[in-house]
Every structure is written in structure tokens, then in C-alpha cells.
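First the structure, in the form of C-alpha cells, and then the observations on it.
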Amino acid sequence: MTAMLSLERLSVSFAGEAGPSIVVDDVSLTLEKGEIFGLVGESGSGKSTIANAVMGLLPASATTSGRIQLNGRETTGLDENDLRNLRGREMSMVFQDATTSLDPTWSVGEQIAETLRAHQSLSRGAARARTMSLMHEVGIPNAAQRYRDPPHRFSGGQRQRIVIAAAIANEPKLLIADEPTTALDVTIQAQILELINGLRHQHGTSVLLITHDLGVVSETCDRVAVMHRGRILETGPTRDVFGNPSHPYTRALMAANPAWSRRGSRLPVVPREWSIEEVRHD
Ligand SMILES: Nc1ncnc2c1ncn2[C@@H]1O[C@H](COP(=O)(O)OP(=O)(O)OP(=O)(O)O)[C@@H](O)[C@H]1O
Ligand SMILES: [Mg+2]
């Protein structure tokens, strides 16, 4: 079966005053269809750079070598137009600090609907109906009433879910989620992870989940790669990597990860009915 995503000897360097610095160094990995793959590693290890390379969103100062294949199709070398077509429909990303990607002056419903209409020929009414069902799917209650609310009327966890709704609106085959639960409390975190897991089950979405939280990885990911300074040190089924880490860095990361030791290997999943939604600030 063709892999959903395959990176073959991917390297990325940035031009700098003291010469180029290599921030992704000879990385190869494969993400199968319907798989949730975790990418972990300390700050600055190159995780977001890999995500941006896959999305074709690296700045002009970056030099890339190696191959990136999306569902069997080589994407390195595609022009901006082709990449824009792939983004949204084939692959989509929830950015680190995702909620800043919402326009503060525009209703969340219209923002999601716009994402839909950018890739599909839908009437306004159809886009609106689909948006409301997406808002419902990500657990925003009263979507019909909340459609016209701007982002600041939502809680941080709700805004994160709205960003996820926009990212999955066109049912991408690959979802890259860059620290989607950082800065959220454990209850909301569990709901977002449950949502991402549900996408895989309902739509067969492949997910590249970037996080520094090993508890999140152990709860959610089928396989994991541990990165350090641009390189993958260790990769394999999550259970094996964390159950029997072969690299000293992985062991150090496990020892240093407070969430891991506090939480053990399971995150409590709280049923959505119990969740306390933040009160509207009208
Ligand atoms: N546009 C850029 N220009 C120059 N250097 C960059 C650029 N983007 C990232 N870098 C450098 O590349 C390295 C990797 O950054 P990256 O954002 O990929 O790390 P990360 O693993 O996602 O870290 P974090 O966990 O903090 O989000 C860092 O040293 C960073 O300073
Ligand atoms: Mg990052």
C-alpha cells in the first residue's frame, strides 16, 4: 500500500549570517494511511520545520534536499499553485499557536465556510450548513447561534477546536497537528485528542502529531519518532520506544518529562457531556 507520507533523507537548512545552519538533518520517515504518528523532541529540534517542509510553507531562506511524497506523489518541486491545491484538500495543518491563525475581526463560522468554498464549489447556504455540522463535530454547542460570533467570544479550548474544524473542513487525507493541546488544561486536552483519534476512525485520516508531551504520544500515537538537533534518534511503535527505549536521549526525555511521570501512561478521557464549556462573554 502506498504510504500517506514519506520523507526520504529530508534535510533543511536556513541561511544565516554565520553561514547556513542545518536544522533538519537527513530525516526519513513513513506515515501509513490511517496512522497517528508522533514526532517528539525538545524545543528547536526541527519538528515544525519538518511540518512546514511537508506543507510547502518554508520561507525562501530555507534550502531543502531529499524527497517528500504525499500519497505516492512527489511534492518537492511543485509550484505554489499546485501546493495550494494540495493544502486543504490533501493535507492540512493545525499550526503551533493555532488560534492566532483565526482572524479576530471575522466570525468563526464565516472563516470555516470560506475554507470550504476555497476548495469546493459550494453555495453559501451549503457551506454554512456544512460549517455548522463541523462545529458540532468538534464539540461546539449551539453552532447555529455561535456561527456569527468572532473568535474572542470563545474559550481557548473552543478556539482550538474551531481551528481543527477549519483544518478538517475539506477532509484532508493528512492532518499535521503541531502542539495542538499545549496550553490547554488536561480535560480539554483529552477532548482534542479524542477528536483527533475520532477523525482517524471515521475518515481514515493520517495524523502527524507534533508534541513535546510524551503522555500525549503514549495515549494517542501508533508510532513515534524521537528527534534531537534535526535528527531522528529512534523510531518505532510507541509502546516499544517508550517501553524499551534504546537511545539514552529518549530515556533522558522520559525522565525529564513531568507530564509523563505525573500522568503515567494513560490520560483520562472525559466524556464530552461532562465538559464545562466556558461562559460566553456577551
Ligand atoms: N525561518 C527560520 N529562519 C532561520 N532559522 C529558523 C527558521 N525557522 C526555524 N529556524 C530554526 O530551526 C530550528 C528548528 O526550529 P523548529 O521551529 O523546527 O523547532 P521545533 O522542534 O518545532 O521547536 P519547538 O518545540 O520550540 O516548537 C531552530 O533552531 C530555529 O531557530
Ligand atoms: Mg515547533
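Order of appearance sets the numbers: ligands from 1, and atoms from 1 within every ligand. None of the values given here were measured: they were computed from a predicted structure.
Protein N/O/S atoms found under 2.8 Å from the Mg ion (ligand 2): S48 OG, Q96 OE1.
With respect to atom 17 (O) of ligand 1, the closest heavy atom belonging to the protein is S48 CB, 3.7 Å. The protein atom (non-hydrogen) at minimum distance from atom 25 (O) of ligand 1 is K47 NZ, 2.8 Å. The shortest contact between atom 26 (O) of ligand 1 and any protein heavy atom is with S43 OG, 2.6 Å. Among protein heavy atoms, atom 16 (P) of ligand 1 sits closest to T49 OG1, 3.5 Å. Regarding atom 12 (O) of ligand 1, its nearest protein heavy-atom neighbour is V23 CG1, 3.1 Å. Here the protein heavy atom with the shortest distance to atom 27 (O) of ligand 1 is Q96 NE2, 2.8 Å. In this structure, the protein non-hydrogen atom closest to atom 23 (O) of ligand 1 is G44 N, 2.8 Å. For atom 2 (C) of ligand 1, the closest heavy atom belonging to the protein is F14 CE2, 3.4 Å.
Within a 6.0 Å sphere centred on CZ of R229, heavy atoms belonging to other residues, nucleotides or ligands number 12 at most. Environment of CD1 in I22: sparse, with no more than 12 heavy atoms of neighbouring residues, nucleotides or ligands closer than 6.0 Å.
Inside a 4.0 Å radius of atom 7 (C) of ligand 1 there is at least one protein heavy atom.
The side chain to side chain contact (heavy atoms under 4.5 Å, CB included) with L7 is formed by just one residue from the set L29, T30, I232; it is L29. Test L39, V217, T211 against V224 for side chain to side chain contact (heavy atoms under 4.5 Å, CB included) and you get one pass: V217.
The closest approach between any non-hydrogen atom of H212 and ligand 1 is not below 4.0 Å. Distances from ligand 1 to the non-hydrogen atoms of G41 include no value under 4.0 Å.
A salt bridge does not link E110 to R117: none of the charged side-chain nitrogens sits closer than 4.0 Å to a carboxylate oxygen.
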